[in-house]
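Naming: A, B, ... by sequence-line order, numbering from 1 per chain. Just so it is clear, the model here is predicted, and its values are computed rather than measured.
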Number of protein chains: 2
Amino acid sequence: MVQQRLLDIAVEVFGQNGLEGASTRAIAKAAGTAMSSITYHYGGKEGLYLAAADYVARQIGDSDSQEVRDAAIASGDPARAREAIRQLVVRFIDRLQNEHSNGWALFIIREQMNPTEAFERIYAGPMGENSRALVELIRVATGVEDYRVARLAAITIFGQVLILKAARGTCHKVLGTETLGPDILADFTRRVTANIDAILDRMISERQEQA
Amino acid sequence: MVQQRLLDIAVEVFGQNGLEGASTRAIAKAAGTAMSSITYHYGGKEGLYLAAADYVARQIGDSDSQEVRDAAIASGDPARAREAIRQLVVRFIDRLQNEHSNGWALFIIREQMNPTEAFERIYAGPMGENSRALVELIRVATGVEDYRVARLAAITIFGQVLILKAARGTCHKVLGTETLGPDILADFTRRVTANIDAILDRMISERQEQA
DNA sequence: GTCTATACTACGATAGAC
DNA sequence: GTCTATCGTAGTATAGAC
């Protein structure tokens with residue numbers, strides 16, 4: 001299907017070059033169609049960009065772990081919540097490792113530099129749900145009720161994972177490797193999950209001190 | 001001076017729109033000069049881009065804390081190293097809060113998406129020194145000798161700070177605010193420094209368990 | 001629906017006046 | 001050194017054939 005091919009390639013090219021850096025000619029050619037089909041199907045470059053954003057928003061979804069998360073939140077059990085956080089993060093790292101991730105990951109990061117309506121659409125989907133779920137899981141796991149505290153913690157946890165894509169160059173330089181192989185990524189995952197454990201424990205201590 | 005104005009604006013515009021998204025016409029106009037002066041002084045758009053990268057590389061420098069770091073590393077004192085890490089991170093957050101930071105911060109993040117020689121130049125300067133210093137400080141603070149462990153920890157620490165700029169849109173959404181005011185940033189700084197303490201403690205435990 | 005033609009705009013580079 | 005004028009190229013959009 002032409003539209004599907006256009007979307008796949010659009011996410012890739014927009015993610016790599018941005019809205020202005022990408023050319024509709026190149027996208028159409030890579031999709032094996034004429035440039036005017038972009039106008040026909042999406043009304044133009046910006047329409048394709050927004051459609052690509054919607055497509056990305058859908059791709060982020062991860063129905064498997066959603067049930068685990070919701071159940072953990074509903075249970076109110078700190079141990080289950082902590083395990084759900086770990087699972088959420090590990091799955092996210094795995095998906096970032098996937099070859100297809102470069103497209104949508106860069107698309108999202110790039111979009112946040114000059115936010116347009118595309119980001120609103122992306123965040124309106126599973127990405128926003130994941131964020132809110134992470135905050136709730138942190139509250140359950142630590143007993144911290146203050147939303148601001150939980151939200152800030154969620155951001156620092158998310159940042160530890162995101163840097164793999166957002167500052168890939170720095171990661172390569174620091175690690176002294178050209179590529180991030182499976183062994184390094186396994187160590188990285190261990191580091192992040194251990195960090196999360198340490199942070200959650202610290203938050204519990206903070207809460208108890210305050211009381 | 002024309003060249004200085006050109007560099008300042010180039011960093012801003014390239015950071016916001018990227019190499020291909022930016023137009024030399026717009027940069028020249030904002031700098032109050034003719035477009036051909038870019039050709040004259042820098043040989044063209046790419047020359048200006050590289051010059052802007054060098055300019056960014058210089059701006060990152062922070063001679064004040066450099067001495068503190070080097071002294072802490074040389075001392076071999078875990079407590080001093082830990083304090084130096086905290087100072088390094090706090091200063092970095094402060095500088096990210098600065099209004100001028102949007103230019104160079106986005107410039108660097110964007111450059112890492114499609115790395116060119118510009119990133120090599122930036123990393124060859126204070127940015128690389130800071131990275132290496134952070135790794136060494138972590139080794140001193142925790143007693144961990146394995147470089148890979150220290151490097152991975154450095155990346156996760158850096159990521160917690162970087163997300164403020166790399167995923168600003170998500171931060172705003174999660175926190176439910178349009179801007180990150182000083183009070184939120186103060187809480188954020190407290191969260192990150194507490195996280196670092198917790199992570200370093202955890203690393204020390206890991207080392208002792210392994211022994 | 002899809003492609004080819006073409007119109008129109010904006011870009012970067014360059015030449016030349018001063 | 002700095003500006004104006006101009007060229008060639010590449011971009012998006014659009015009209016019209018099929």
| message | So if I take every side-chain heavy atom of Ala34(A) and compare against dT2(D), dT4(C), dG12(C), which nucleotide ends up nearest? | response | dT4(C)
| query | Would you call Arg190(A) and Asp187(A) a salt bridge, using N to O less than 4.0 angstrom? | reply | yes
| message | Could you go through Leu106(A) and Arg168(A), starting from their C-alpha distance and side-chain angles, then the distance that decides it, and tell me whether this counts as side chain to side chain contact (heavy atoms under 4.5 Å, CB included)? | response | CA-CA 11 Å; Leu106(A) 291 187; Arg168(A) 205 182 344 153; 3.8 Å; yes
| message | Between Thr39(B) and dT14(C), is there a contact of a side-chain N or O with OP1 or OP2 at under 4.0 Å? | response | no
| query | Rounded to whole angstrom units, what separation is found between the CD atom of Gln3(B) and the C1' atom of dG1(D)? | reply | 10 Å
| remark: Whole-Å distance, Ile38(B) CD1 to dG12(C) P, equals 8 Å
| query | Arg25(B) CZ to dA13(C) P: how many Å, rounded? | reply | 11 Å
| query | What's the CD-P distance between Glu20(B) and dC11(C), to the nearest Å? | reply | 14 Å
| query | Looking across every strand, which nucleic acid part, if any, lies under 4.0 Å from Ala22(B) by heavy atom: base, sugar-phosphate, or nothing? | reply | sugar-phosphate
| Which base, if any, makes a Watson-Crick or G-U wobble pair with dA13(C), both distances under 3.5 Å? | dT6(D)
| remark: Regarding the side chain of Lys45(B), the nearest nucleotide among dG12(C), dG11(D), dC3(C) is dG12(C)
| Salt bridge present between Arg132(A) and Glu136(A) (N-O < 4.0 angstrom) | no
| Under a 90° cut-off about 0 for the syn range, is dA10(C) syn or anti? | anti
| Could a donor-acceptor pair under 3.5 angstrom be found where the side chain of Ser36(A) meets the base of dT4(C)? | yes
| task | Please state how far atom CG in Asn17(A) lies from atom P in dT12(D), giving the value in whole angstrom units. | result | 12 Å
| message | Counting only side-chain heavy atoms from C-beta out, which of dG11(D), dG1(D), dT2(C) sits nearest to Tyr40(A)? | response | dT2(C)
| request: Specify the separation, in whole Å, of atom CD of Glu46(B) and atom C1' of dA13(C). | output: 13 Å
| message | Taking the six-membered ring for Trp, are Phe158(A) and Phe92(A) closer than 6.0 Å centroid to centroid? | response | yes
| said: As a test of reading the structure: which of dT14(C), dC3(D), dC3(C) is closest to the side chain of Met35(B), going by heavy atoms? | reply: dT14(C)
| query | Tell me: NZ of Lys29(A) to C1' of dC3(C), nearest whole Å? | reply | 16 Å
| request: Would you classify Ala28(B) as touching base, sugar-phosphate or nothing, given that sugar-phosphate means primed atoms plus P, OP1 and OP2, and contacts are heavy atoms under 4.0 Å? | output: nothing
| task | Please confirm whether Phe107(A) and Tyr49(A) have ring centers closer than 6.0 angstrom. | result | yes
| Watson-Crick or G-U counterpart of dA13(D), or none if no pair lies under 3.5 Å | dT6(C)
| Would you say the side chain of Ser23(B) and the base of dC11(C) hold a donor-acceptor pair, judged only by whether the two atoms sit under 3.5 Å apart? | no
| query | Expressed in angstrom and rounded to an integer, what is the separation of Ile27(A) atom CD1 from dA13(D) atom C1'? | reply | 15 Å
